Amino acid sequence: MLWRVCRGNVFLRHTEIEAPLEDPHTGNEVYKSVFIIFFQGDQLKNRVKKICEAFRATLYPCPETPGERREMAFGVMTRIEDLTTVLGQTQDHRHRVLVAAAKNINMWFIKVHKIKAIYHTLNLFNLDVTQKCLIGECWCPVMDLDRIRLALRRGTVHCRTELSGATVPSILNRMDTPEVPPTYHKTNKFTSAYQGIVDAYGISNYREVNPAPFTVITFPFLFAVMFGDLGHGLVMAVMAFFLVWKEKWIASRRIEGEIFGTIFGGRYIIFMMGLFSVYTGIIYNDIFSKSFNIFGPRWMTNRTIYQFQDHGEPAHGTLFTLDPVLDFKYGQGPYPFGLDPTWALASNKISFINSFKMKMSVILGVMQMMFGIILSCYNHLFFGKLINVFCEFIPQVLFLLCMFGYLVVLIFYKWVNFHASMAGCAPSLLIGLINMFLFKYSDNPKNNADGTPCLQNIFYDTQKSFQSFLVLLALFCVPWMLCVKPFILHRRWKASQAALPLHNVDENGHAEGGKVQASHGGGHDDHGDGATVCSFL
């Protein structure tokens, strides 16, 4: 364009600037080029200037004489050196300021968080009618009232150590209210994890029995019943003990990570699970899936009996079945503690141990459910709700005992009454429980001469009538639990509505002018034992 407008009377040289430059207006990086134009006359000068302005090019003056150009170049270099010096000093000063700030950054963060927490709490308060003080109401445990008064006293102008600048002291008043206080469980670093597990299933009401202290034992023990390995339990206990031992040092490191946070938060639970797993591992005689022999096995291989039974002399590595009648040392008694190590060599080891664990799990599970129902009875009696005892506790206990309590009795009955010679034809607990609900019973003799399987035999003579009674009683408990209490509450509500004084009735049939005094029962008349409403001024 310059060539055409100036008709070839200009001389142009240009080059690209490789490094990007920062736009002073937008701050974005832009690529630019520098150029120089030689021409003659003011007329061409005006044309060149208009073209450069149209393309938004920045124009810089260029002296005509060589001396002036050298002087300008020297001045530009001097300014560049001065700017370089200023930038270097600025960077050094910024580095010193940031290093000094880095030493106090954690303290500043703490102060900012405290200030934000204070302002967030103050925003929950209400202004007085005089707009000179703030009023707030909250729930707090009665045992912490003295601590709250001490904290308020420390923050007033009467304290010489910590002055808040307040013109009036803080006032704490205890108020009476018919509202039900919120549930508060005081925990420590050992019980907080157990309380969190219990609260995940549901938070108990105010002044109800808190099951978390019982969970300290039941939760890790039931895990150990399932886990049951001495070696792995010992590894868990040692790792958890290290986290407990170094808990202050680990907490000060503030290690981030959801998985590690979960493990560190449950270190006491893991430690208890490890200890109980060591105990159950000894019971199961299992250490890293291997058994150990401490007291000597109680099984022996009577080769004379096998030869008499035409089995022949068993070769090395030959599998044969040990007869509990002939091959067990009854004179020495059972294995003193845990399972006999001979079971580790048995081909039916898994089926035998799984059957044992299943029966123990059923017994412990029924015991835990019964314990929970008993705790609910304590709650009903404490709150004076006898209707819940009659319509909830009693049918729940009957239903549990008729179904699963009876199963536990059969487990112990089978362990006690069926000895080694009868073990091959003992009735099945699972099939017997299924037939109990189906009202299906076998009238076959005990020896099953007709060829029917022994698993369908009955345990005792009156089993059919007794189990039928238990099933019918359990079925009767279902409508007892679901229908009786709503019916009684509905009758009480209708009776209370009929007892209302109807002085005036509006067009919708609603009573006007009648006063009803509602009493808050259920054991909440006195909130002084657990919580209170406090008013702050």
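Note that this is a predicted model, so its numbers are computed, not measured.
By the salt bridge (charged side-chain N to carboxylate O under 4.0 Å, His left out) test, E392 is found to be paired with K485, residues two or more places apart in sequence or in another chain being considered. Residues satisfying the side chain to side chain contact (heavy atoms under 4.5 Å, CB included) criterion with Y406, sequence neighbours excluded, are L410, M436, Y460, Q463, F466, Q467, L470.
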Decide yes or no on side-chain contact (heavy atoms from CB on, under 4.5 Å) for R267 and F264, but give the supporting numbers first. CA-CA 5 Å; R267 57 192 181 278; F264 182 72; 3.6 Å; yes
Given the rule in the side-chain contact (heavy atoms from CB on, under 4.5 Å) test, do I171 and L152 qualify, once you have shown the distances and angles that lead to the verdict? CA-CA 8 Å; I171 301 174; L152 294 175; over 6 Å; no
I'd like to know whether D286 forms a side-chain contact (heavy atoms from CB on, under 4.5 Å) with F292, so could you lay out the CA-CA distance, the side-chain angles of the two residues, the decisive distance to 0.1 Å, and finally the verdict. CA-CA 7 Å; D286 192 359; F292 46 90; over 6 Å; no
Starting from the C-alpha separation in whole Å, work towards a yes-or-no answer on side-chain contact (heavy atoms from CB on, under 4.5 Å) for L172 and L145. CA-CA 9 Å; L172 175 64; L145 281 176; 4.3 Å; yes
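R491 places no side-chain N or O within 3.5 Å of a backbone atom of I488 that could act as its donor or acceptor partner. A donor-acceptor pair under 3.5 Å links the side-chain atoms of E208 to the main chain of N205, judged by distance alone. A donor-acceptor pair under 3.5 Å links the side-chain atoms of T280 to the main chain of A224, judged by distance alone.
Atom OH of Y201 sits in a sparse spot, with 12 or fewer heavy atoms from other residues, nucleotides or ligands closer than 6.0 Å. By the 6.0 Å contact criterion, CZ on F260 is enclosed, its count of non-hydrogen atoms from other residues, nucleotides or ligands being greater than 12. The environment of Y279 atom OH is sparse: at most 12 non-hydrogen atoms of other residues, nucleotides or ligands sit within 6.0 angstrom. Counting non-hydrogen atoms of other residues, nucleotides and ligands closer than 6.0 Å to CE of M369 gives a total above 12. The local environment of NZ in K349 is crowded, with over 12 non-hydrogen atoms from other residues, nucleotides or ligands closer than 6.0 Å. L438 CG: more than 12 foreign heavy atoms inside a 6.0 Å radius. The environment of CG in L124 is crowded: more than 12 heavy-atom neighbours from other residues, nucleotides or ligands sit within 6.0 Å.
In this structure, the side chains of F219 and Q368 stay at 4.5 Å or more apart for every pair of heavy atoms. At a threshold of 4.5 Å between non-hydrogen side-chain atoms, the residues K116 and V112 count as touching. Taking 4.5 Å as the limit, some side-chain heavy atom of I373 sits within range of a side-chain heavy atom of F393. Taking 4.5 Å as the limit, every side-chain heavy atom of T183 sits out of range of all side-chain heavy atoms of N210. Between I197 and I269 the shortest side-chain heavy-atom distance falls below 4.5 Å. Considering only heavy atoms from C-beta on, V225 stays 4.5 Å or farther from K357 through its side chain. Counting heavy atoms from C-beta on, the side chains of Y194 and I217 never come closer than 4.5 Å. Side-chain contact between W480 and F390 is present, with at least one heavy-atom pair separated by less than 4.5 Å.
A ring-centre distance under 6.0 Å is not found for Y284 and W343. Aromatic rings of F276 and F223 (six-membered ring for Trp) have centroids beyond the 6.0 Å cut-off, not under it. With ring centers used as reference points, F295 lies under 6.0 Å from Y335.
If you check the side chains of S204 and H185, you find a donor sitting under 3.5 Å from an acceptor. In the model, Y268 has a side-chain atom that pairs as donor or acceptor with a side-chain atom of E247 under 3.5 Å. In this model, no donor atom of one side chain and acceptor atom of the other lie less than 3.5 Å apart for E137 and N126. Side chain to side chain, N188 and T191 meet the donor-acceptor criterion of an N or O pair below 3.5 Å. Side-chain contact, K359 with S355: a donor N or O sits under 3.5 Å from an acceptor N or O.
Rounding to the nearest 0.5 Å places CG of L473 at 12.5 Å from OG of S468. Atom NE2 of H113 and atom CD1 of I118 lie 13.0 Å apart (nearest 0.5 Å). Note that CZ of F383 is 10.5 Å distant from CG of N388, once rounded to the nearest 0.5 Å. The distance from atom CE of M403 to atom CG of L398, rounded to the nearest 0.5 Å, is 11.0 Å. A distance of 12.0 Å separates CD1 in I148 from OG in S170, rounded to the nearest 0.5 Å. Atom-to-atom distance recorded for K494:NZ and L489:CG is 14.0 Å, nearest 0.5 angstrom.
Taking every heavy atom of both residues into account, Y206 and P181 meet most closely at CB-O, 3.4 Å. Scanning all heavy atoms of the two residues, the minimum distance from A474 to C402 falls at CB-CB, 4.1 Å. For the residue pair A212 and V198, the shortest heavy atom distance occurs at CA-CG2, 3.8 Å. The minimum heavy-atom distance between V216 and M272, with the atom names listed, is O-CE, 4.2 Å. The two residues F125 and G136 make their nearest non-hydrogen contact at CD2-N, 3.5 Å. Listed here is the closest heavy atom pair of L339 and N285: O-ND2, 2.8 Å.
Figure legend: K414 and F418 shown without cation-pi pairing, the cationic atom not lying both under 6.0 angstrom from the six-membered ring centre and within 45 degrees of its axis.
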Please tabulate, for side-chain N and O atoms in residues 227-244, each donor-acceptor pair with protein atoms closer than 3.5 Å (sequence neighbours left out).
from : atom 1 : to   : atom 2 : distance (Å)
D229 : OD1    : G231 : N      : 3.0
D229 : OD1    : H232 : N      : 3.0
D229 : OD1    : H232 : ND1    : 3.1
D229 : OD1    : F288 : N      : 3.0
D229 : OD2    : F288 : N      : 3.3
D229 : OD2    : S289 : N      : 3.3

